[in-house]
2 protein chains.
Amino acid sequence: MDPDEPEGRVAPTTGGAGRDGTGVPGGRRKQRVSMADVAELAGVSSQTVSRVSNGRPGVIGSTREQVLAAMRELGYRPNSAARALRYGRFNTIGVILFSLSSTGSSRTVEAIATHAAAEGYAITLIPIDVATQDNVLGAFTRMGELAVDAVIVIMEIHLLDTSTVQLPPGVHVVVVDSDAGDRYCVVDTDQADGARKAVRHLLDLGHRTVWHVTGPESSYAAQRRGQAWRAVLAEAGRPVPAPLHGDWSAESGHAAGLLLAEVPECTAVFAANDQMALGLLRAFHERRRSVPADISVVGFDDTADAPFFIPPLTTVHQDFAEVGRRCVQRVLRQIRTGDDSRPGTDLVPTRLVVRGSTAPPGG
Amino acid sequence: MDPDEPEGRVAPTTGGAGRDGTGVPGGRRKQRVSMADVAELAGVSSQTVSRVSNGRPGVIGSTREQVLAAMRELGYRPNSAARALRYGRFNTIGVILFSLSSTGSSRTVEAIATHAAAEGYAITLIPIDVATQDNVLGAFTRMGELAVDAVIVIMEIHLLDTSTVQLPPGVHVVVVDSDAGDRYCVVDTDQADGARKAVRHLLDLGHRTVWHVTGPESSYAAQRRGQAWRAVLAEAGRPVPAPLHGDWSAESGHAAGLLLAEVPECTAVFAANDQMALGLLRAFHERRRSVPADISVVGFDDTADAPFFIPPLTTVHQDFAEVGRRCVQRVLRQIRTGDDSRPGTDLVPTRLVVRGSTAPPGG
DNA sequence: CCGCTTGATGTTTACGTGAACACGTGACCT
DNA sequence: AGGTCACGTGTTCACGTAAACATCAAGCGG
């Protein structure tokens with residue numbers, strides 16, 4: 001904190017020699033324009049400035065204009081910290097996630113940010129990067145606190161328990177990828193229903209059974225998709241092949257595809273996301289297994305690119321924007337009613353989008 | 001000093017007798033535990049609590065333990081607003097962007113968030129969604145303020161001028177996608193060099209010239225890639241075909257590809273990003289134009305999926321993580337030195353990744 | 001034994017804002 | 001006309017924290 005502030009700005013207090021700032025160097029380097037400065041220039045009290053600033057009634061037009069003019073001249077901007085202190089809230093929602101790189105989370109976060117902004121809330125990202133966990137620990141632990149009124153967790157909540165970031169007690173929480181509907185308020189895509197649609201679509205086309213490439217076990221969404229896949233097959237009395245384990249990446253899908261290409265009776269595969277489906281398509285192409293003539297492939301997510309895969313991918317459409325919207329809606333309700341404890345699961349429906357990667361078997 | 005405490009506050013708990021109801025931690029405790037509460041329980045002054053909270057010296061071990069115990073018992077968490085007010089800064093960096101959905105921005109934002117967290121700074125997202133601009137306007141204008149010490153702008157800075165979000169004067173700015181290196185501190189991928197590498201690679205393979213599918217005009221990155229493409233061709237004395245205009249989407253790349261497939265002399269295309277390259281591959285596949293035998297395709301970004309396209313995509317690798325890292329580094333330097341005015345452009349190098357989508361012409 | 005230093009802890013104060021209240025003025029009602 | 005009421009504006013104060021200063025006890029050399 002070296003006091004070498006160059007005083008480059010238009011100093012509001014220099015107009016009058018009222019405060020002998022020149023004689024008292026230890027005094028105040030007033031970098032920021034406060035309500036008091038505006039009030040002084042406008043010749044009113046700071047309370048009137050406050051009223052104008054917040055658009056409150058009780059200020060006559062001419063006075064308001066004077067204040068606004070003073071604000072413009074000084075470049076006044078309200079101090080959020082003081083406001084947050086005064087009001088006891090930050091108008092900010094924290095979003096805890098592993099990675100923005102995964103398809104779903106970035107789109108969900110975007111929707112959250114947009115809807116939150118519309119409600120006057122800002123979004124603070126709290127990334128939990130396993131690789132740099134210690135750094136993050138250092139940051140938020142040393143800082144002491146998250147300046148948020150509520151938190152949206154986009155990950156399996158159990159993973160958060162083992163993490164170094166702790167949820168401050170008393171903040172409201174909405175969880176996206178979790179089965180903790182009994183303890184938390186959960187908003188999520190209806191994973192099970194989406195997976196059911198995918199598998200049933202393949203069975204309806206006449207495939208005897210359906211193989212499955214899973215997502216990582218740490219993802220509850222992946223677990224539920226896998227469970228639903230298994231359930232539909234069992235229900236229909238079909239054999240349940242051993243699932244192939246993926247990690248969301250196209251690379252893992254590619255590896256699974258190379259294995260499946262060696263299984264002659266495999267005519268249909270349900271990949272737990274579109275990226276792995278892309279890897280499957282690639283692997284089958286390498287192994288001269290034609291999609292969909294030899295093998296049908298269904299993905300999950302309906303990314304923007306899926307229609308342009310070769311062949312265009314049949315997939316389950318997720319409405320990430322709606323998930324984000326409901327997250328914000330839920331979390332704001334919690335904040336506003338003060339009701340932290342309304343668990344329950346809010347499922348956003350999916351939609352099967354049939355494109356060119358599925359066909360009856362034995363084409 | 002205290003004539004009558006009106007108690008008008010909506011006290012959710014603690015019926016009446018003072019705040020020393022420490023014996024009842026259950027139920028809905030008072031949400032705000034302040035240093036004073038901790039101080040009272042620990043039998044010290046609030047200043048001592050402050051010292052412990054900040055890890056300052058000058059507190060004897062036994063006292064420190066008492067304070068820490070009191071903190072734990074009450075679930076104390078420091079009030080960031082009060083801290084920000086006291087210190088005059090928020091330890092927060094704002095990130096202004098259009099969309100998280102584009103490949104680059106989400107990865108850059110993630111890197112920014114991670115590195116900022118490591119330095120004790122949080123990230124606040126400020127999305128500028130054109131469709132809901134009025135909403136965003138409502139939010140941030142009515143709120144009046146962004147609680148940030150600095151801002152990283154991931155968009156052409158001119159677009160911000162026309163937006164409803166205004167950069168508060170005095171905050172430090174780092175820009176990612178812009179040519180405003182004379183006025184702002186700019187960090188960006190070396191777009192021109194990356195594009196040069198792509199085009200030269202195709203020329204080196206023996207192609208007579210290279211077609212180009214551009215990104216949107218609003219993107220300076222897209223502009224620079226196009227300029228470099230043109231420059232390399234002109235420099236080499238090759239004809240410069242009319243560029244096809246895309247918008248980053250696979251769909252626009254697909255549309256361009258359908259047109260290019262009808263141009264027999266077109267043997268090489270440089271797409272301004274990987275998604276459009278995917279659309280090209282799809283279009284050429286539909287039109288039975290073999291890649292790379294008939295046409296070579298180069299993309300830009302090196303997304304995680306690019307190795308699994310059919311064929312695997314030759315593309316220009318962008319180091320988004322490094323861009324994010326340098327953004328944080330720059331913006332923190334500005335904050336710490338107080339030097340807002342150090343313009344200049346910081347370019348992150350690219351790397352050409354040759355895969356299966358390029359080959360000599362006339363295959 | 002005094003006075004000075006050192007270190008631990010308490011007290012005061014200000015950060016910028018806005019709710020609650022006080023004040024003053026003019027209009028309207030009886 | 002007197003009273004009251006609405007309205008514009010000013011004053012006081014508290015929000016939670018931490019710097020600056022004050023206090024107090026113990027140690028220590030002269």
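Here is the naming used below: chain letters follow the sequence lines, and residue numbers restart at 1 for every chain. Here the structure is a predicted model, which means the values were calculated and not measured.
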**Student:** Considering only side-chain heavy atoms of B:S34, which listed nucleotide, C:dT17, D:dT17, D:dG10, is closest?
**Tutor:**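 For B:S34, the side-chain atoms sit closest to D:dT17.
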**Student:** Counting just side-chain N and O atoms, does B:T63 come under 4.0 Å of either OP1 or OP2 of C:dT9?
**Tutor:**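 Affirmative; the distance criterion is met.
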**Student:** Between A:E40 (CD) and D:dT11 (C1'), how many Å, whole number?
**Tutor:**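 Going from CD in A:E40 over to C1' in D:dT11 covers 17 Å.
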**Student:** Return the value, rounded to whole Å, for the distance between atom CG of B:D37 and atom P of D:dG16.
**Tutor:**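 Value for this atom pair: 8 Å.
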**Student:** To check you understand the geometry: which heavy-atom pair defines the closest contact between B:Y121 and B:D149, and what is its length?
**Tutor:**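 It is CE2-OD2, 3.7 Å.
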**Student:** Hey, which sits more toward the 5' end of DNA chain C by its nearest nucleotide, B:R64 or B:A82?
**Tutor:**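 Closest to the 5' end, via its nearest nucleotide, is B:R64.
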**Student:** Under 3.5 Å, is there a donor-acceptor pair linking the side chains of A:S50 and A:R86?
**Tutor:**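 Looking only at side-chain atoms, A:R86 and A:S50 do not form any donor-acceptor pair under 3.5 Å.
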**Student:** How sharply is the helix from C:dC1-D:dG30 to C:dT30-D:dA1 bent, taking the axes over five pairs at either end and rounding to 10 degrees?
**Tutor:**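 Rounded value for the end-axis angle: 50°.
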**Student:** Please identify each residue that fulfils side-chain contact (heavy atoms from CB on, under 4.5 Å) with B:Q329, with sequence neighbours left out.
**Tutor:**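 Here the qualifying residues are B:R325, B:R333.
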**Student:** Nearest to the side chain of A:N79, heavy atoms from C-beta on, is which of D:dT17, C:dT11, C:dT17?
**Tutor:**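 Nearest nucleotide to the side chain: C:dT17.
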**Student:** Once you round it to whole Å, what is the distance between C1' of C:dC15 and CZ of B:R89?
**Tutor:**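 In whole Å, C:dC15 C1' lies 14 Å from B:R89 CZ.
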**Student:** Checking side-chain polar atoms at under 3.5 Å, does A:S53 have a donor or acceptor matched by the opposite partner on A:R83?
**Tutor:**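 Present: a donor and an acceptor within the cut-off.
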**Student:** Can you check each nucleotide of nucleotides 18-27 of chain D against protein heavy atoms at under 4.0 Å and return B for base, S for sugar-phosphate only, - for none, in 5' to 3' order?
**Tutor:** BBB-------
**Student:** Does a side-chain heavy-atom distance below 4.5 Å link A:I154 with A:I112?
**Tutor:**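 Heavy-atom side-chain distance check passes, below 4.5 Å.
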**Student:** Under 4.0 angstrom, heavy atoms only, what part of the nucleic acid is B:I60 near: base, sugar-phosphate, or nothing?
**Tutor:**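 The residue B:I60 makes sugar-phosphate contact but no base contact.
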